[in-house]
Every structure is written in structure tokens, then in C-alpha cells.
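Each chain gets a letter, A, B and so on, in the order the sequences are listed, and its residues count up from 1.
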Amino acid sequence: MALIKIELPDGSTNEVESGVTPYDVALTIGEGLARQSIAARFEGDLIDLTSPLEGSGRLALITQNSPEALEIVRHSCAHLMAQAVKEIYGNEVQVTIGPVIKDGFYYDFYSESKKFVPEDFPVIEAKMAELAKADLAVRREEMSRSDASELFHGLGEDYKVELIEDLDVETVSLYRQGDFVDLCRGPHVPRTGLLKVFKLTSLAGAYWRGDEKNAMLQRVYATAFQNKKELKAHLHRLEEARKRDHRKLGKELDLFSFSEEAGGGLVLWHPKGAMLRTIIEDFERKEHLKRGYEIVVGPQILKTELWKMSGHYDNYRENMYFTEVDEQGYGIKPMNCLAHMLIYKSKPRSYRNLPVRYFELGTVHRHEKSGVLHGLLRVRGFTQDDAHIICRPDQIDAEVKNIMGFVQDVAGIFGFDYVMELSTRPEKSIGSDADWEQATHALQGALEGSGQPYTLNEGDGAFYGPKIDVKLKDALDREWQCATIQCDFTLPERFDLTYVGADGEKHRPVMLHRVIVGSIERFVGVLIEHYAGSFPLWLSPVQAVVLNVTDSQADYAQQVFEQLREADVRVELDIRNEKLGFKIREAQMAKIPYMLVIGDREMESQTVAPRFRDGKSLETMSVADFIGTVRAESAACK
RNA sequence: GCCCACAUAGCUCAGUCGGUAGAGCGCAUCCUUGGUAAGGAUGAGGUCACCAGUUCAAAUCUGGUUGUGGGCUCCA
């Protein structure tokens with residue numbers, strides 16, 4: 001037998017016979033290590049603990065505590081779940097795929113007759129536990145594609161056969177545990193006994209291979225962890241997210257609602273929610289003016305011919321609402337760009353006056369599929385902080401950089417981190433190859449120049465141009481699509497936008513579509529979850545509430561309330577005949593930043609006693625001082 | 001749009017086997033004037049989402065519609 005050299009992470013080198021497994025190597029180091037190991041990394045690749053090592057190289061054992069371990073455990077759990085399902089339901093159910101995802105894994109099953117229900121979960125979990133306890137060996141096997149195809153055909157697993165037929169390889173790997181066999185690349189844990197903590201979580205429909213033309217499968221979501229403590233922590237995180245759910249908080253804080261009578265996905269903004277979005281809108285106008293944008297306003301409906309000219313009619317019609325006025329067809333705008341182009345076209349433009357930056361808090365309507373509506377995060381009518389920058393090609397770089405700086409500033413003000421993505425030409429698109437290349441190149445250049453990392457999203461651009469998407473990361477580290485920057489050579493062409501250059505000739509400008517927070521609706525939803533409803537002072541719809549202790553201070557409380565309102569503090573007055581504790585509790589649950597307690601002491605000294613919503617009290621102070629405090633704190637946040 | 005589930009008072013939720021509805025909170029009135037997270041009493045409030053069907057009888061069973069939730073596909 002030939003000898004090979006195995007280098008371990010601590011730098012030591014073992015000389016072993018070719019064909020030994022990582023498990024054997026672990027044993028030579030210690031029995032405890034061997035017992036703890038679940039897989040290995042050899043020359044950078046993940047392999048099974050039982051895979052024979054054929055050549056020299058660097059080997060690292062993956063133990064239950066390694067960061068990579070969890071993914072392997074979850075993947076093996078997916079197999080365990082499929083095995084359990086097959087043992088319980090037999091040929092009534094076919095297996096398809098079962099990958100690992102963030103926070104767990106799922107397995108998609110196909111069945112004509114079996115409909116999974118949550119009541120099946122304990123049964124499946126019990127079978128999984130039984131199979132895990134049996135500590136079955138998990139064995140890797142390789143066979144030719146045709147043999148594997150025949151094997152699964154014999155087992156009646158049509159979806160596996162289809163997967164195998166589509167693979168572009170000679171041999172495929174299979175994993176067996178007990179009577180169960182699954183097509184899989186691996187690696188897996190060596191024994192089912194290593195799978196201890198798992199839990200089925202939910203059910204959903206999913207199309208085979210994600211294509212809505214294909215059969216609907218039944219997806220069983222589940223999760224697995226190394227120990228019970230981690231599972232508990234995970235369930236706790238889910239609970240936290242539930243508490244922050246903007247739909248729940250939106251109701252509790254009386255910010256907005258939806259009505260069956262009005263229609264799905266159409267938001268009704270209550271006074272406090274409307275206040276919140278107004279604050280954001282005022283902030284947006286100010287920030288845009290500061291950065292050289294001009295505010296414009298376009299109409300809600302535009303003639304259908306115009307949507308045909310823009311390409312929206314051909315590419316976006318299924319998302320649009322149409323109406324007819326005096327036998328003339330109109331489309332309700334799903335985007336704001338058309339009006340902005342018409343404004344540009346209203347007079348001749350000189351190269352000296354470019355770029356023009358038109359900003360509009362534009363309300364658009366899109367017919368989203370009913371199943372995708374989701375609180376404020378996905379609606380059918382929403383307002384974008386939309387701008388169109390019409391510029392010379394040589395100005396694209398600088399403009400994109402400015403926009404990225406704008407995004408950075410705004411994200412910082414609201415306390416978000418973010419990640420960026422570049423999306424390239426989709427299948428359904430308009431414009432020439434050359435334009436697409438130039439536009440994509442411009443965006444990529446700006447991204448490279450920003451020094452910020454970004455990922456590439458092939459084929460995910462808008463139909464008229466490539467785009468940069470910015471995803472904000474909230475307090476729970478979840479990502480939300482908000483800002484987007486899109487480069488467009490096509491619409492200026494279609495609308496024959498021109499400017500007169502230094503040479504006196506007409507030239508074609510470029511248009512950048514961009515939003516910073518995206519949709520105000522979605523952004524408010526994200527903010528609610530990000531802040532868990534406790535908005536910073538400058539965003540709070542109600543900043544302070546004046547509370548009297550007894551009726552005898554009602555007049556003074558009223559005076560304080562009016563003084564604050566005069567000073568533009570968003571304030572409420574609560575002089576109801578209730579005990580102070582009761583009023584404090586209500587204000588606390590409404591997450592109002594400041595409660596101003598007015599008793600005899602305050603009335604006598606003409607002061608207020610502020611209490612912050614975290615329970616801490618400030619020194620008793622004059623009304624004027626309190627106004628100063630609110631102003632200073634609001635300014636500091638913004 | 002597709003799969004699965006759900007829809008009972010303003011809110012959160014009970015309601016068994018089919019026999020025309022309950023609680024807590026909130027709301028109204030009264031008592032209570034109480035210093036930092038719920039004082040007490042009384043009362044009002046429901047076409048059980050909507051439309052059909054089965055049945056002597058439907059919140060309950062069946063079908064459809066609308067809406068909501070979890071996903072899929074799509075997306076600001």
C-alpha cells in the first residue's frame with residue numbers, strides 16, 4: 001500500500017496508508033475526536049468521514065462544534081425526514097429534493113392522495129427519532145447515471161429519475177441509510193444517531209423546480225440544531241420577529257389598516273400612520289432639494305398610447321390598471337417616468353443644463369398577484385420616492401456615485417446596514433445589445449468605484465435596463481429591498497429625448513431611474529419592524545403626552561399641551577378621569593417617547609416632570625426647557 | 001395566479017355531537033380624585049366575512065366568492 005501524507009490544521013503531518021478514511025485519522029488522534037466528528041474537509045472540499053483518502057493533502061475534521069457542521073446535520077436531517085415519510089406513507093408519496101436553507105431545511109414531496117397536515121408532524125418526528133435512535137450507518141455509493149436512473153425508476157421515484165436524466169455527469173453519488181436511498185452529492189453525517197434535535201415547522205405548496213407550469217409539490221419545512229439550547233434560541237428569535245411584525249404593531253399602534261371593501265393591497269393610513277409617512281416625506285423633499293433635485297408632479301393616468309410608446313404596454317401590461325374616458329384609453333401609472341420625460345421634452349435642452357434631476361413622491365398602482373400581498377411590504381398602491389435623472393453619457397458615473405452617497409446617508413440616518421446587488425439583462429427586455437452593455441458597464445464601474453462589496457444577479461434587471469439594488473439590513477439582520485438605481489438608454493430613444501451639445505447638434509441623453517427608500521409603504525413597514533414600533537423621537541407620530549394626576553391640574557395640563565403644540569411638538573393631552581398609573585400604562589403601550597406628568601408640584605412651580613418610555617425620568621423642568629430638549633434630540637437623530 | 005390553512009363583538013380569542021352565541025380587554029354611564037405599567041359597579045355592542053346548497057334545524061356540513069396567513073412564482 002502506498003503511503004500518503006496528511007497535514008492537519010495544527011501543522012502536524014501524519015503518514016498513513018492510502019485509502020484510510022478521515023475517521024481513521026481522527027481515531028489515531030483520539031477516540032473522543034472520532035466520536036465528535038461528523039464530516040471532514042480535504043483540500044478544501046467537504047467529504048464524508050468514511051470517504052477513503054487517495055492522495056496526500058490537508059485534512060480538517062469537522063466536529064459537531066464546527067461552523068460547517070450545522071449545514072451537514074441539517075442536510076442529513078432532510079434525508080432522515082424523507083426516510084421517515086417513506087417509511088410511514090410508502091409509495092403513496094414520492095421524494096423530490098430537500099435542500100438546506102437559512103435557519104433549517106425543507107423537503108418537497110409529491111403525492112396524488114396524501115395531503116400533509118400539521119397533525120402529521122408529531123408522527124413524522126417520532127419516526128425520525130426512531131430512525132435516529134437506531135443509529136443507522138449512512139453510506140455513500142457511486143454508480144453510473146443509467147444504473148441510478150434504473151434504480152429510482154424501479155423504486156417509482158419519477159422525480160429522482162428526471163433529476164438524474166438531467167445531470168451532465170457520468171457517475172452519480174447516492175446515500176443509503178437502512179432501506180432508504182437518495183440521490184445526493186453529500187457529505188452526510190456517518191450515522192443517523194448524530195441527528196438529535198430537529199423540528200418540523202410548517203407546510204407550503206411549491207412548484208416542481210420553481211416553475212409555475214409544473215406540478216405543485218408539498219413542501220415540509222423543518223429545522224435542526226446541534227443541541228436543544230440552540231433550537232430554543234431559534235424559536236425565541238422567531239418569537240421576537242413575531243412581536244415586531246409590522247402588521248401586528250400597525251394595528252396596535254393604530255397606524256394603518258386594510259379593508260376588504262376597499263380591496264386587497266390598498267392601504268388605509270390612520271392619523272398616526274399618516275403622520276409618520278408625512279414626516280418621512282417632508283424629510284425626503286428637504287434632502288432632495290439639498291442635493292440638487294427639483295420637485296415635479298405628474299398625473300395619475302396617462303393615455304394608453306403613451307404606455308405603448310414606452311414599452312410598458314407590451315412588457316408590463318398584466319401589472320397595470322386601465323380605464324376609459326370619452327372613448328380614450330388611459331393607463332393608471334405603475335411608474336412615474338413617463339410624466340418626467342414629458343416635462344423634459346416640454347422645451348429644448350442644452351448640454352450646459354444637464355443633468356436635470358426630477359423628484360416626485362409618486363403614487364403608483366400595480367396589479368400584483370393576490371397571493372403576494374403582504375401587509376405594507378407588498379401592496380397594490382404605493383408612493384415611491386422616485387427620481388429620474390436625465391444626463392449626458394459622460395455624467396452617468398458621477399450621478400450614480402451621488403445616488404450611492406445619498407443611499408448611504410439615508411441608511412445611516414435610519415440606522416441600517418445594507419448590501420448591494422447588480423442585476424443584468426433579463427430575457428424579456430427591450431433595447432440594443434450595445435446599449436445594455438454600456439449601461440451595465442456604467443453601473444458596474446460605479447459599484448467598483450464605491451469600494452463597497454456587491455453581488456451579481458444575472459438576468460434580474462428591469463426590462464428597460466440593468467439596475468443596482470440596495471437591500472437594507474434591519475435590527476434582526478433581515479434584508480429588505482428598498483433603493484434601486486436603474487440605467488436606461490431605451491426610454492430616451494423611444495421618447496426622442498434630446499439635448500443640444502457644444503457642437504450645436506442634437507444628442508441623446510441617458511436616463512437614470514432611482515429610488516432611495518423605494519416605496520414609502522414598504523419603508524414604513526420595515527421601519528416598524530426595525531424599531532419594534534418604538535420610533536426615534538423625530539419619527540414618532542406622537543412625541544409626548546401630557547398627563548394630569550387629578551382633575552385639579554386639568555387646566556394647567558391644557559396650557560402645557562397648547563404651549564407644546566405651538567412649539568411644533570407632536571403632543572397629546574390625556575386629562576381623562578383615570579389614575580396616573582393607568583394613563584402611564586396606556587402611553588407606554590402606545591410607545592410614546594415622553595410622558596409629561598402634571599401634579600400639584602408641577603402646577604405650583606410651572607414645570608413638567610418628563611418620563612421617558614423606557615421608564616427613566618428626567619429632572620423636572622420648565623416647558624421651555626422641555627421644548628429645547630425635544631428639539632435638540634430630534635435634530636441629533638436626523 | 002398556484003398549494004395548504006384560516007375568517008365568531010372595535011381588539012385577542014372560547015364555542016363539544018348541527019338545536020339561532022360567550023369571555024377578557026376596549027367603549028358608554030355612574031362611583032372613585034388616585035404621583036409613574038391596569039380602582040370599582042352597571043350597561044350597550046354580533047345577519048358568526050359574503051352568496052348558494054344539504055337539513056325539520058347551519059357559526060358548525062358541502063360548493064363558490066372575497067379577504068387574511070404560511071409558502072411557490074413575481075416584486076418597490
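- Closest-nucleotide positions on RNA chain B for Asp551(A) and Leu376(A) were compared, and the one nearer the 5' end corresponds to Asp551(A).
- For Arg209(A) and U73(B), the shortest distance from a side-chain N or O to OP1 or OP2 is not below 4.0 Å.
- Taking every side-chain heavy atom of Ser519(A) into account, A76(B) is the closest of G67(B), A76(B), U73(B).
- Phosphate proximity of U68(B) to Arg247(A): absent, as no side-chain N or O sits under 4.0 Å from OP1 or OP2.
- With C75(B), A38(B), C72(B) as the candidates, the nucleotide lying closest to the side chain of Val372(A) is C72(B).
- Not a single donor-acceptor contact under 3.5 angstrom links the side-chain atoms of Arg366(A) to the base of C75(B).
- Here U36(B) presents its C1' atom at 15 Å from CE of Met589(A), a figure rounded to the nearest Å.
- Across the interface with RNA chain B, nearest-nucleotide mapping of Val549(A) and Val515(A) shows Val549(A) to be the residue nearer the 5′ end.
- Which of A76(B), U66(B), G70(B) sits closest to the side chain of Glu368(A) comes down to A76(B).
- Using a 5.5 Å limit on the distance between ring centres and a 30° limit on the angle between planes, the aromatic ring of Phe382(A) counts as stacked on the six-membered base ring of A76(B).
- Checking C72(B), U36(B), G69(B) against the side-chain heavy atoms of Leu580(A) singles out U36(B) as nearest.
- Under the 3.5 Å distance criterion, with hydrogens and angles disregarded, no donor-acceptor pair is assigned to the side chains of Gln481(A) and Thr484(A).
- For Arg576(A), no side-chain nitrogen or oxygen approaches OP1 or OP2 of G39(B) to under 4.0 Å.
- Contact annotation: His374(A) side-chain N/O to G70(B) OP1/OP2 distance is under 4.0 Å.
- Listed nucleotides: G35(B), G1(B), A76(B). Nearest to the side chain of Gln384(A): A76(B).
- Of the candidates U68(B), U36(B), C3(B), the closest approach to any side-chain atom of Leu373(A) belongs to U68(B).
- Phosphate proximity of G40(B) to Lys579(A): absent, as no side-chain N or O sits under 4.0 Å from OP1 or OP2.
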*side chain to side chain donor-acceptor pair (under 3.5 Å) between Arg277(A) and Thr383(A), worked out*: CA-CA 10 Å; Arg277(A) 61 171 286 166; Thr383(A) 301; 3.1 Å; yes
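- Nearest to the side chain of Arg611(A), among G35(B), C11(B), A37(B), sits A37(B).
- No hydrogens or angles were tested; on distance alone, a donor-acceptor pair under 3.5 Å links the side chain of Glu602(A) to the base of G35(B).
- In this structure, Lys467(A) reaches the A76(B) phosphate: one of its side-chain N or O atoms is under 4.0 Å from OP1 or OP2.
- A salt bridge is absent between Glu92(A) and Lys86(A): the closest approach of a Lys/Arg side-chain nitrogen to an acidic carboxylate oxygen does not fall below 4.0 angstrom.
- A side-chain N or O of Gln486(A) and one of Tyr464(A) form a donor-acceptor pair less than 3.5 Å apart.
- We find that Asp282(A) and Arg285(A) are joined by a salt bridge, their nearest charged nitrogen and carboxylate oxygen being less than 4.0 Å apart.
- Comparing atom distances between the Met216(A) side chain and each of G1(B), A37(B), G71(B) picks out G71(B) as nearest.
- Residue Ser370(A) places at least one side-chain N or O under 4.0 Å from the OP1 or OP2 atom of G1(B).
- Of the side-chain N and O atoms in Tyr207(A), none sit less than 4.0 angstrom from OP1 or OP2 of C74(B).
- A salt bridge between Glu162(A) and Arg209(A) is present, with a side-chain N of the basic residue lying under 4.0 Å from a carboxylate O of the acidic one.
- Residue Lys115(A) has its side chain nearest to C4(B) when only G35(B), G71(B), C4(B) are considered.
- When Watson-Crick and G-U wobble pairs are counted only if both distances are under 3.5 Å, C74(B) pairs with no nucleotide at all.
- The nucleotide whose nearest atom lies closest to any side-chain atom of Ile584(A) is, among G71(B), G1(B), U36(B), U36(B).
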